[in-house]
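The chain is numbered in sequence order, starting from 1. The figures that follow rest on heavy atoms only: side chains count, while hydrogens, waters and symmetry mates do not.
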Amino acid sequence: MENLQQLAQEVVESAVNGGATAADCIAREGNEFTASVRRCEVEQLKEAGSKALGLRVFLGQRAASSYTSDFSSEGIRQLVTGALAAARVTSEDPSAGLADEKLLGQHPDDLGIFSDDVTRPDAPAWIETARRAEKAAFDFDPRIRNSEGGSFDAAHGRKVLATSHGFCGEYRRSSCSLAVSPIAIPDSAGETGGAGMQRDYWYSVAHGLSGLEAPEAVGRKAAQRALRRLGARKVPTAQVPIVFDQQTARSLISSLFDALNGDAIYRKASFFADKIGETVAAESVTLIDDGTISGGFGSAPFDGEGVRTRRTVLIDRGVLKRYLLNSYTGRKLNMESTGNASRGIAGNPGIGPHNFFIEPGTQSPEELIGSVKNGFYVTEFMGSGVNVVTGDVSYGAAGLWIENGELASPVEEVTVAGNLRDIFKNIAAIGSDLEFRGSMASPTILVSEMTVAGQ
């Protein structure tokens, strides 16, 4: 195995010796595995390894980057000379530069984001895991008659970042996931009021194999979700309370991430621009980004520039406190980086979430649903319908209608519309069911009123 730390430091040193006033280098290596089955037959099997070096150089306030997968002496020489040549012809940018030295560092704890069992590929066992999940869906009910497939994915990798400020950090990350997407077909048109087949899905994700849900549990949950959609109809257009489940609520807070992104803020392309200190949500809403949560899917000891990760409260009891920033956007806004630089092998750092979530409340999803006399429980969005400049929201949606506090009948082909500012100010209750299945998560959310456009 290559000594990635030494290699990254030597690349940085070579760039500085070649005339760069500052430089940083990312070195990555990793492996991934994918197996997908459909009707228990293998459809796709992929195993791949990769390694790469990415170099960013500065000549004063001119910046450029280049990358390579060639770790030979000649490959590295071309990497350095190419980046320096590009920097000489770029325009100056007064906000360009490495992260402030005082912010550099690594979180000292083991964040629990790597599991060694993922590094030992077992293709037959992993294929069988995907088969078991899909079979469990078929076995759950005879109306599960088809499938879009089951899949098992695993990946692990190592990342090193070295800078000319003297920082050199490293960490490893692993992940695995299991998913199945069954199709339910009604026994008869009479049973379902004329509605046709319905598809849904379920999945489990973890850092290590032991953290995954059992394949049979994933398959059964996917089947249940597909079956409950049989007989779905449109509903009349109405203004009603809406309960967003974990998945759809997560989509809404992902739009909040886009609106709180420092890049959108300094460009005045967000409805949150110039709103620090203002009430932007209900008092029950506290929105956090935390890169230090043990086992978090977005946790890391440092960000894409070497800034030590932290816990950042963005909205505190409804009041906007911070934006998410990297070094560049921090300089643009005269603020400090929040440690949210996200960087690929090539190019300048962007801004990404760590573990981005709304703090949970005290009521269960069942209690939220039970508090609604007539409303809509949303379980799926279709399309992307958020304008972060204005906050306007319009999604195609599916779910179940709520009558007298009970889930009554499936709904599809409707549109949910409103504005993010109003949605988050009109949150009536937040569920207790916060569960991370990625770097963004939300509990179930009850909004007091929104427009459902149907027939």
* Ser204 side, atom OG; Lys221 side, atom NZ - distance, nearest 0.5 Å -> 10.5 Å
* Asked: Does the side chain to side chain contact (heavy atoms under 4.5 Å, CB included) test come out yes or no for Phe302 and Tyr171, once each step is laid out?
  -> CA-CA 9 Å; Phe302 54 87; Tyr171 63 88; 3.7 Å; yes
* **Side-chain donor or acceptor of Ser174 paired with backbone N/O of His207 under 3.5 Å** => yes
* Compute the centroid of each ring, for Tyr266 and then for Tyr323, and state whether the two points are separated by less than 6.0 Å. => no
* **Gap separating the NE2 atom of His156 from the CZ atom of Arg173, nearest 0.5 angstrom** => 14.0 Å
* In this structure, are over 12 heavy atoms from other groups packed under 6.0 Å from Glu43 atom CD? -> yes
* To do: Answer yes or no: is there a donor N or O on one side and an acceptor on the other, between the side chain of Asp289 and the main chain of His354, under 3.5 Å?
  => yes
* Asked: Tell me the side-chain hydrogen bond (donor to acceptor under 3.5 Å, both in side chains) pairs involving residues 271-282, sequence neighbours left out?
  -> Lys268-Asp274
* Thr292 side chain near Asp109 side chain, heavy-atom distance below 4.5 Å -> no
* To do: Could you tell me whether Arg38 and Glu134 make a salt bridge, using a distance below 4.0 angstrom between a side-chain N and a carboxylate O?
  => no
* **Derivation and outcome, side chain to side chain contact (heavy atoms under 4.5 Å, CB included), residues Leu446 and Gln363** => CA-CA 11 Å; Leu446 168 60; Gln363 295 177 272; over 6 Å; no
* How about Leu260 and Leu320: do any of their side-chain heavy atoms sit closer than 4.5 Å? -> yes
* To do: Without swapping roles, check the side chain of Asn355 against the backbone of Phe297 for a donor-acceptor pair under 3.5 Å.
  => yes
* Asked: Would you call Pro215 and Leu178 a side-chain contact if the rule is heavy atoms closer than 4.5 Å?
  -> yes
* **Note, Val280 side chain near Val319 side chain (heavy atom, < 4.5 Å)** => no
* To do: Please determine which of Phe257, Phe272, Phe356 meets the side-chain contact (heavy atoms from CB on, under 4.5 Å) test together with Leu314.
  => Phe356
* Asked: Given Asp258 and Ser255, is the side-chain hydrogen bond (donor to acceptor under 3.5 Å, both in side chains) satisfied, shown in steps?
  -> CA-CA 5 Å; Asp258 293 336; Ser255 298; 5.0 Å; no
* Asked: Under a 4.5 Å cut-off applied to non-hydrogen side-chain atoms, are Ile127 and Val42 in contact?
  -> yes
* Give a yes or no on whether Glu283 atom CD has more than 12 heavy-atom contacts from other residues, nucleotides or ligands under 6.0 Å away. => no
* To do: Quick one: pull up CD1 in Ile423 and CD1 in Ile445 and give me the separation to the nearest 0.5 Å.
  => 9.5 Å
* If you round to the nearest 0.5 Å, how far is CD1 of Ile144 from CD of Gln224? -> 10.0 Å
* Could you go step by step and tell me if Arg331 and Asn326 meet the side-chain hydrogen bond (donor to acceptor under 3.5 Å, both in side chains) rule? -> CA-CA 9 Å; Arg331 294 183 188 115; Asn326 58 17; over 6 Å; no
* Asked: Has Lys159 got more than 12 heavy atoms of other residues, nucleotides or ligands less than 6.0 Å from its NZ?
  -> yes
* **Verdict with reasoning, Ser394 to Thr415, per side chain to side chain contact (heavy atoms under 4.5 Å, CB included)** => CA-CA 7 Å; Ser394 180; Thr415 299; 3.4 Å; yes
* **Tyr67 side chain reached by Ile26 side chain, heavy atoms, under 4.5 Å** => no
* If only atom types and distance count, is the side chain of Arg172 paired as donor or acceptor with the main-chain N or O of Arg158 below 3.5 Å? -> no
* **Full working for side chain to side chain contact (heavy atoms under 4.5 Å, CB included) between Arg145 and Ile183** => CA-CA 6 Å; Arg145 302 181 189 178; Ile183 297 172; over 6 Å; no
* Asked: Of the non-hydrogen atoms in Pro410 and Gly231, which two are nearest, and what is the gap between them?
  -> CG-C, 3.7 Å
* Within-4.5 Å side-chain heavy-atom neighbours: Cys176 and Phe152 -> yes
* When rounded to the nearest 0.5 angstrom, what is the spacing between CZ in Arg131 and CD in Glu41? -> 6.5 Å
* **4.5 Å side-chain heavy-atom contact, Phe424 and Ile253** => yes
* Asked: Would you say the side-chain atoms of Thr329 pair up with the backbone N or O of Gly262, donor to acceptor, closer than 3.5 Å?
  -> no
* To do: Identify the two heavy atoms, one from Asp303 and one from Ala341, that lie closest to each other, and give their separation to 0.1 Å.
  => OD2-N, 3.0 Å
* Ala83 and Ala64: which non-hydrogen atoms are nearest, and at how many Å? -> O-CB, 3.6 Å
* **Asn340 side chain to Gly352 backbone, donor-acceptor under 3.5 Å** => yes
* **Which atom of Ser439 lies closest to which atom of Pro353, heavy atoms considered** => OG-CG, 3.9 Å
* **Atom CG of Asn334 with >12 non-hydrogen neighbours under 6.0 angstrom** => no
* Structure fact -> Between Ser284 and Ile427 the two heavy atoms that sit nearest each other are OG-CG2, 4.0 Å
* What is the distance from atom CG of Asp141 to atom CG of Leu227, rounded to the nearest 0.5 Å? -> 4.5 Å
* Might you point out which heavy atoms bring Glu359 and Arg311 nearest each other, and give the distance in Å? => OE2-NH2, 3.5 Å
* To do: Would you please indicate yes or no on a ring centroid separation below 6.0 angstrom for Trp401 and Phe376?
  => yes
* **Main-chain N/O of Glu367 paired to Ser364 side chain as donor or acceptor, under 3.5 Å** => yes
* **With Leu103, the side-chain contact (heavy atoms from CB on, under 4.5 Å) member among Glu305, Arg310, Arg308** => Arg310
* Asked: Side chain of Asp187, backbone of Arg143: donor and acceptor closer than 3.5 Å?
  -> no
* Return yes if some donor-acceptor pair links the side-chain N/O of Asp117 with the main-chain N/O of Leu209 below 3.5 Å, else return no. => yes
* Sidechain-backbone polar pair: Arg62 side chain, Thr90 backbone, donor-acceptor under 3.5 Å -> yes
* Could Arg199 and Glu380 be called an ion pair, given the rule that one side-chain N must be under 4.0 Å from one carboxylate O? -> yes
